[in-house]
Amino acid sequence: MMKCCCLIVFIFCTIGVSNGGILSRICIGTCGTKGVPCNETFGSDWSYNGRCCNDRPCCKFLKAPCVPEGTCPKGFKLLSNQTSSANCYYLSGLNAVSWNTAKDNCASTDGAYLWRPNTAQEANAVQNEFNIPDEYPIWTGANDVDNDGTFTFAIENGPFSFNDLPFGEDRSTNNQVCVFIEYDNLIWGWEKAPCTFVFRYICEYKLRVCP
């Protein structure tokens with residue numbers, strides 16, 4: 001019976017690939033459970049490989065490339081204030097794109113994902129590092145693109161809820177499914193917008209230093 005269940009899951013993944021028809025949707029590894037971070041299921045060395053198995057997140061156990069000490073992947077940089085975060089970050093510059101394009105652009109660097117702001121201190125440090133103006137929307141990875149009522153962070157796959165924000169305030173006034181933040185009136189606000197809107201974005205990379 002157990003072998004039969006596994007076979008069914010594999011078939012679902014294969015169907016997802018054939019319908020998607022693009023390399024980024026190839027299902028490699030085991031399908032995860034939405035709302036459970038991939039690193040809790042597969043360990044800290046997972047990587048994202050699109051969505052499969054009826055649109056559930058799919059993760060693969062694979063170590064992200066390490067980098068020499070004190071360096072980041074090309075185009076990324078460490079924050080001057082690393083007490084707020086020791087990760088690497090990339091700002092899209094003047095390149096404003098849709099949420100899906102932002103997500104895919106971040107994922108094109110192995111181990112990187114669309115920004116998951118965890119604290120106000122981190123967000124402030126990123127804003128200062130890249131000179132992001134006030135009232136300037138920035139895409140985050142938070143989304144409910146499968147419209148099941150549960151928000152998660154793309155690629156990184158951690159949970160997100162407007163009822164339990166990591167910091168800042170809820171400024172959402174609509175039922176859209178892609179989430180951005182902006183700094184206004186001395187506080188960060190989380191808002192929802194159509195995923196087709198074009199904003200700047202930040203990619204985050206959890207630094208893994210080579211031994």
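All figures in this text were calculated on a predicted structure; none of them were measured in a lab.
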Backbone of [Y] reached by a side-chain donor or acceptor of [X] within 3.5 Å:
| X | Y | result |
| --- | --- | --- |
| Asn185 | Ile187 | no |
| Ser92 | Arg200 | no |
| Asp144 | Gly149 | yes |
| Trp115 | Tyr89 | no |
| Lys192 | Asn174 | yes |
| Asn143 | Thr152 | yes |

TODO: Only counting residues at least two apart or in another chain, list the ones meeting side chain to side chain contact (heavy atoms under 4.5 Å, CB included) with Leu165.
DONE: Phe160, Phe162, Asp170, Trp190
Would you say the side chain of [Y] lies within less than 4.5 Å of the side chain of [X], judging by non-hydrogen atoms?
| X | Y | value |
| --- | --- | --- |
| Leu78 | Cys72 | yes |
| Pro117 | Thr140 | yes |
| Cys195 | Val177 | yes |
| Tyr201 | Cys106 | yes |
| Ile202 | Val126 | yes |

State, to 0.1 Å, how close [X] and [Y] come at their nearest heavy-atom pair, and which atoms those are.
| X | Y | value |
| --- | --- | --- |
| Ala125 | Leu79 | CB-CD1, 3.9 Å |
| Val145 | Cys178 | CG1-SG, 4.0 Å |
| Trp139 | Pro194 | CH2-O, 3.5 Å |
| Ser98 | Thr101 | OG-OG1, 3.0 Å |
| Trp99 | Gly141 | CZ2-O, 3.5 Å |
| Pro73 | Thr109 | CB-CG2, 4.0 Å |

Open item on the list: According to a hydrophobic-cluster definition based on side-chain heavy atoms being under 4.5 Å apart (Ile, Leu, Val, Met, Phe, Trp, Tyr only), do Leu94 and Leu114 belong together?
Closed with: no
Task: Residue from Trp188, Phe197, Tyr136, Phe199 passing ring-ring contact (aromatic ring centres under 6.0 Å, His included) with Phe180 - done: Phe199
Task: CD on Glu182 to CD on Glu191, rounded to 0.5 Å - done: 4.5 Å
TODO: Calculate, to the nearest 0.5 Å, the distance between atoms CD and SG belonging to Gln82 and Cys88 respectively.
DONE: 8.5 Å
- [ ] Return each pair, listed once, that meets salt bridge (charged side-chain N to carboxylate O under 4.0 Å, His left out) where at least one residue sits in residues 122-136; pairs must be two or more places apart or across chains.
- [x] Lys77-Glu129
Open item on the list: Just by distance, no angles: are the side chains of Asp164 and Ser161 close enough, under 3.5 Å, to form a donor-acceptor pair?
Closed with: no
Task: Short N-O contact, Glu169 and Arg171, less than 4.0 angstrom - done: yes
